[in-house]
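Some notes on the structure that comes next.
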Amino acid sequence: MALRPGLVLSISRLQVVLCFLSLAYAQTSVTSNATAGKRHSEEYCAMYGICGKRSDGKYLNCPFGSPSVKPDDLLSSKVQSLCPTITGNVCCTETQFDTLRSQVQQAIPFLVGCPACLRNFLNLFCELTCSPSQSLFINVTSVAKVNNNLTVDGIDFYITDAYGEGLYDSCKDVKFGTMNSRAMEFIGAGAKNFKEWFTFIGRQAPSNVPGSPYAIRFSSSVTESSAMKPMNVSTYSCGDNSLGCSCGDCPSSTVCSNTVSPVSRKGGSCSVRIGSVKAKCIDLAVAILYIVLVSVFFGWGLFHRTRKANPASVTKPWWTVMDDSEVHSVNREKNENPPMQVFEDAPHIRNSVQLSIVQGYMSKFFRRYGTWVARNPIIVLCSSLALVLLLCLGLIRFKVETRPEKLWVGPGSKAAEEKNFFDSHLAPFYRIEQLILATIPEVKHGSSPSIVTEDNIKLLFEIQKKVDGIKANYSGSVISLADICMKPMDKDCATQSVLQYFKMNPANYDDYGGVEHLKYCFEHYSSADKCMSAFKGPLDPSTALGGFSGKNYSEATAFLVTYPVNNAISKEENETERAVAWEKAFIKLAKDELLQMVQSRNLTLSFSSESSVEEELKRESSADAITILISYLVMFAYISLTLGDSPRLSSFYISSKVLLGLSGVVLVMLSVLGSVGFFSVIGVKSTLIIMEVIPFLVLAVGVDNMCILVNAVKRQSLELPLEGRISNALVEVGPSITLASLSEVLAFAVGSFIPMPACRVFSMFAALAVLLDFLLQVTAFVALIVFDFRRTEDKRVDCFPCMKISSYTNSDKGIRIFLLVFHFQEIHAPILSLWGVKIAVICVFVAFALASIALCTRIQPGLEQKIVLPRDSYLQGYFNNVSEYLRIGPPLYFVVKNYNYSVYVCIVLLYAYELSFCMHVLIVLLFPQIARASLTPESSYIAKPAASWLDDFLVWISPEAFGCCRKFTNGAYCPPDDQPPCCSSSDGSCSLGGVCKDCTTCFRHSDLRNGRPSTTQFEEKLPWFLSALPSSDCAKGGHGAYTSSVEFKGNGSDIIPASSFRTYHTPLNKQVDYVNSMRAARELSSRLSDSLKIEIFPYSVFYMFFEQYLDIWRTALINLSIAIGQLFFHSTEQKDTITCSLWSSSIILLVLAMIVVDLMGVMAILNIQLNAVSVVNLVMAVGISVEFCVHMTHAFSVSTGDKDQRTKEALATMGASVFSGITLTKLVGVIVLCFSRTEVFVVYYFQMYLALVLLGFLHGLVFLPVVLSMFGPPSRRVLIEQRQDRAPVPPQL
């Protein structure tokens, strides 16, 4: 939003300037002795003399002609200095000319940047005022009687179209830098051609309204009988090198021919039209690929079935020899013994699993470790808990980070460095406090009525009175808005509100004309004195109104009230703390009083302060406390039911695992607290996401391993001693649990490389929490399992182990077949073994994977602010209204570092004379490119040309701007005549004969080098310019507009360390708009930096929060590749021979990749944006998905029989555990998140994790078994002959 006003006080007289011709006419000399009457000939005047004055003080010409007059030498020299086209006789006196020159002085600041335009503009009024042949193109058409004198009431001004077009073409691109707009907006009401411009100039203005006192009709055709000729003075092109205009004011100028052409960013994507259907190229390519893959797959299936039907012609591959030859003997032995069970007294011939070196050591370790834990559970439990509790001591240094810039911006961020440079060298961007009042849509029409009504304006005055009355307390002192607000002119606050059109004074409402005055100011905000703001600058209606189209400000449906507040570099400075204290009082007032006031008038109110987001993030910490508590209770209940045996009323109090489940939950909490404590000790602050999300994740991950461990122990033969069952269970599931847990830890660790601090810290905390949870599970939880099974065997009551039941009998013998096991073995596996089902599964899953690839291109980068806030936050409505009502985007600054102002770009011309063609490189290259970019806002996201302190400074010191840079006879700075001490501030009287009567311009033309100041002159006068107040006599004063735009040390160096040039982005309503606008600005700056050999960078207040999205896809792909790559390497290392390990790992890799791709497809369907949070989730999905794959793959690899039989065995062995211990536990933990009051948890944790669990379940228990049954690796279980007297074989499973 624009808040650095141009302070163009002279704009209030713009229409008067444009119509100073009327003043000139009215003062066209004393009475002549010539004969009155109409006469059109050479050396004859059409209007001569002043015959009256309107009530508003505007002079009226006499409707009488007279011969032209020969001026004296002094007047002739004056006329020649301003009107070089007029020589000899004139139709004006010295008084008339002086009036003309004083009026022209106010037009010079708008046009002096382009001398060609200024010269053409001056020639128009010079010819009209002083031309000796005035009667040839001026004809009085109507008269009026004023004070008994006849006066001119209307004239015809005949001008050739060639002159009109030449004048307009030379001025149409000239910009008025202080207001970030083109000068034509002010001197021509935005005219699109010279006829519209002349129509604007010729309108007869009502009393007390700027404009001509009589009507002027411009025409180009005259009748031959009239003896008149249209005025046709030569015009200068803005590209004329002799009047060298800057590139920004004249893109066709010669000096601009070598500038860098802006690169247009073509929107849209590749698409192909097939008949009446238009499809994206990616969609068509994916469809073709799917058809090819399905065709190849069907071909392979047909070939495979044909070969299988003719077994005599089939040569069996080497890796399948074992499967068929030993299947019967192996299956027979398998049916007689529990699955995957190892006994000490093995037979002479048995099946065994070949282990790799790593797995061999792991199996040996888990066997010995399990036996030791079963024998020493107290030592293991106490030592593990002591270590974690020691880490928990770090919680005494626990701190929570809530500052947005510390949560979402990395320390090495380029945008953060640029912000620090901007803040330290120029000035910190102001703090924004804002109110948005809007009307409610009507029920009948659905459209909102205009808010510009008398009642609403008076309501706005009431609100303003309450805001002005806010008294905040800070360290015993009272803080009001006036104490902290930004004051461009060091007096009044620069509040952006329509009330500025009434000088923020309710007493002026009726005096100025009420609503009609407001509507008038919407059209003349830059030209009328009464429309000037209290802080002495024009207020653009687009900054104070919202909900309108085009420039129909009267149709606005919202008032925008913005209070810019001074900011400080450091958050700890007193100035910032004072502002925060006031902001808290401001929000309290809005909630307690303003909201009721506005709603009682059937309006809506939204509000925000600079500290609102941070305060709402703090409040978020307690918003979901009940949700968290309920989640843990539900999870605890589920764990207790899952770990226990089949519920029987007679034995439930013995066989239940409530105490064991509660202990498992406590271990999860200790792992999270230990992780937070460790990082707190080393100075890493926690975040709200860590506090609320990590416990869910660790619990969901940890419960899986708890269920798998308990079920593995239950599967062991009861004939074995407890230590044997614990040992065998750890050998059975220990390697896969280790692989899955380490994969999750590494997946989280990969997320720590993401630059966004919140996600990096989240990944670090989660990685350590999962690691601690795994360690506690294989230590403390195993010890607790030992205690629990001892309790069961000792017939003690769960939760009350001191109570013993003597009548309890354990009827379970061997392995109990549960309902889930029966389902997966007898229903699920047989269905998946059907050939038609396999084909359908492959086709459906591949189709969704390919469709997800196409959908991935539709994922938008960004993170909506309102998502990270509680649902009931008052900022939710504010962000919605900002997107709906704002019609101007954030300020954009192009910052130039170490600019050498002594360097010029010069064009050498053989015919060059007095005027030079040397210009500052910024004027030649930087400003024109920004201006050109603003012509294509849809791709550049730049709304206006840049406000240039350099352009305005060169105009300010120009000899033509004789009211600006002036000096006393002693060389000191002399302000304009309408400022103290030249003009008395007490009575407002100004006199040309006062203390400033001897002031002269700072420079004559001869003092400047090639029309530009020397290094010494530049260094000497720039401080004058930056401290000069703008006023009617000189609108180019830099104080206020450019006070913080230049860092100038004045140490004799030619270098300006830092300077900024302000423009604005277009309205940015979506996250992708913010990302694309930043990318476009950086691309433009990069091209300009390369061209100018100067470091230039763009800066806007939101850049540092959106920088991460410029390469978020690259970040996501790199992190996913690392996560999947390390998992592939890790799983390969854990497998058997190199052939089988690569085979199994490749299948796991394929399934993981499909899960991640499908999850991204779901993100596109649910409109979930790609940001650091979702990237962490995707990386984490790799680790969590491992659990759905690795257990099934491991069970398949150690089973026997053909591939269908091994798949059935794997599903019977691990299917129930994966479903109940992994799928359902994660579902229970995730579903509770849907009740969170914070949208970020619902979108990025509930929706994404729910999709992940469902996709993992479908891929792990449907797609993976089918793939294994068709393309799975050979079994690692072989027959081994062993004599009685031989030593035991290496560790076996």
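Numbers here simply count residues along the sequence, with the first being 1.
- In plain terms, the two heavy atoms of M1248 and M1163 that are nearest each other are CE-SD, 3.6 Å.
- Using modelled atom types, one side-chain atom of T857 and one backbone atom of A854 make a donor-acceptor pair closer than 3.5 Å.
- Residues L1211 and L832 form a side-chain contact, since some pair of their non-hydrogen atoms from C-beta on lies under 4.5 Å apart.
- F845 and H1259 have their aromatic ring centers within a separation under 6.0 angstrom.
- In this structure, the side chain of D773 does not engage the main chain of S671 through any donor-acceptor pair within 3.5 Å.
- In this structure the side chain of I1147 reaches within 4.5 angstrom of the side chain of L1264, judged on heavy atoms.
- When side chains are defined from C-beta on, K1208 counts as touching Q825, because their heavy atoms get closer than 4.5 Å.
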Open item on the list: The test is side-chain contact (heavy atoms from CB on, under 4.5 Å); show your working for Y1109 and L1170 and say whether it passes.
Closed with: CA-CA 8 Å; Y1109 304 124; L1170 187 67; over 6 Å; no
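- Put simply, OG1 on T1115 and CG on N1171 are 11.5 Å apart, with the number rounded to the nearest 0.5 Å.
- A pairwise comparison of heavy atoms in I1112 and A1172 identifies CD1-N, 4.0 Å as the closest pair.
- With sequence neighbours left out, F824 forms a ring-ring contact (aromatic ring centres under 6.0 Å, His included) with H828.
- Rounded to the nearest 0.5 Å, atoms OG (S1174) and OH (Y1245) are 9.5 Å apart.
- Between Y1244 and N1177, the closest heavy-atom pair is O-ND2, 2.6 Å.
- Residues M706 and V668 have side chains in contact (heavy-atom distance under 4.5 Å, counting atoms from C-beta outward).
- Proximity of a side-chain donor or acceptor of R1206 to a complementary backbone N or O of F1196 within less than 3.5 Å is detected.
- Q1169 and E864 make their closest contact through OE1-N, 3.3 Å (heavy atoms, listed as atom of the first residue, atom of the second, distance).
- A distance-only check finds a donor-acceptor pair linking the side chain of Q1071 to the backbone of L863 [under 3.5 Å].
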- [ ] Apply salt bridge (Lys or Arg N to Asp or Glu O under 4.0 Å) to D1204 and K838, showing your working.
- [x] CA-CA 11 Å; D1204 285 335; K838 292 181 181 181; 2.8 Å; yes
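- No donor-acceptor pair under 3.5 Å is formed between the side chain of D1111 and the backbone N or O of R1114.
- Here L289 contributes atom CG and L284 contributes atom CG; the two are 11.0 Å apart, rounded to the nearest 0.5 Å.
- In this structure, V1242 and R871 have side chains that are in contact, with non-hydrogen atoms separated by less than 4.5 Å.
- Note that OG1 of T1223 and CG of L1261 are 5.5 Å apart. Values are rounded to the nearest 0.5 Å.
- When all heavy atoms of L667 and L776 are compared, the pair lying nearest together is O-CD1, 3.5 Å.
- With contacts defined as side-chain heavy-atom distances shorter than 4.5 Å, the pair C856/W1113 qualifies.
- Inter-residue side-chain proximity for F774 and V770 is flagged as unmet; no heavy-atom pair is nearer than 4.5 Å.
- Remark: F765 pairs with F679 by the ring-ring contact (aromatic ring centres under 6.0 Å, His included) rule, at least two apart or across chains.
- Inter-residue side-chain proximity for L869 and V1240 is flagged as unmet; no heavy-atom pair is nearer than 4.5 Å.
- Scanning all heavy atoms of the two residues, the minimum distance from L1152 to V1186 falls at CD2-N, 3.8 Å.
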TODO: Run the numbers on V1156 and L1120 for side-chain contact (heavy atoms from CB on, under 4.5 Å), then give the verdict.
DONE: CA-CA 9 Å; V1156 172; L1120 287 173; 4.0 Å; yes
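- Interatomic distance, CD1 of I1155 versus CG of L1254, reported as 11.5 Å (0.5 Å rounding).
- Ring to ring, F1257 and F1188 are not that close: their centroids are 6.0 angstrom or more apart.
- Rounding to the nearest 0.5 Å places CD of Q777 at 7.0 Å from CG of L709.
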Open item on the list: The test is side-chain contact (heavy atoms from CB on, under 4.5 Å); show your working for L1268 and K1203 and say whether it passes.
Closed with: CA-CA 7 Å; L1268 290 174; K1203 289 184 175 63; over 6 Å; no
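- Q876 places a side-chain N or O within 3.5 Å of a backbone atom of P870 that can act as its donor or acceptor partner.
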Open item on the list: Checking V710 against L660 for the side-chain contact (heavy atoms from CB on, under 4.5 Å) test, could you report, in this order, the C-alpha distance in whole Å, the side-chain angles of both residues, the deciding distance, and whether it holds?
Closed with: CA-CA 10 Å; V710 173; L660 182 62; 4.1 Å; yes
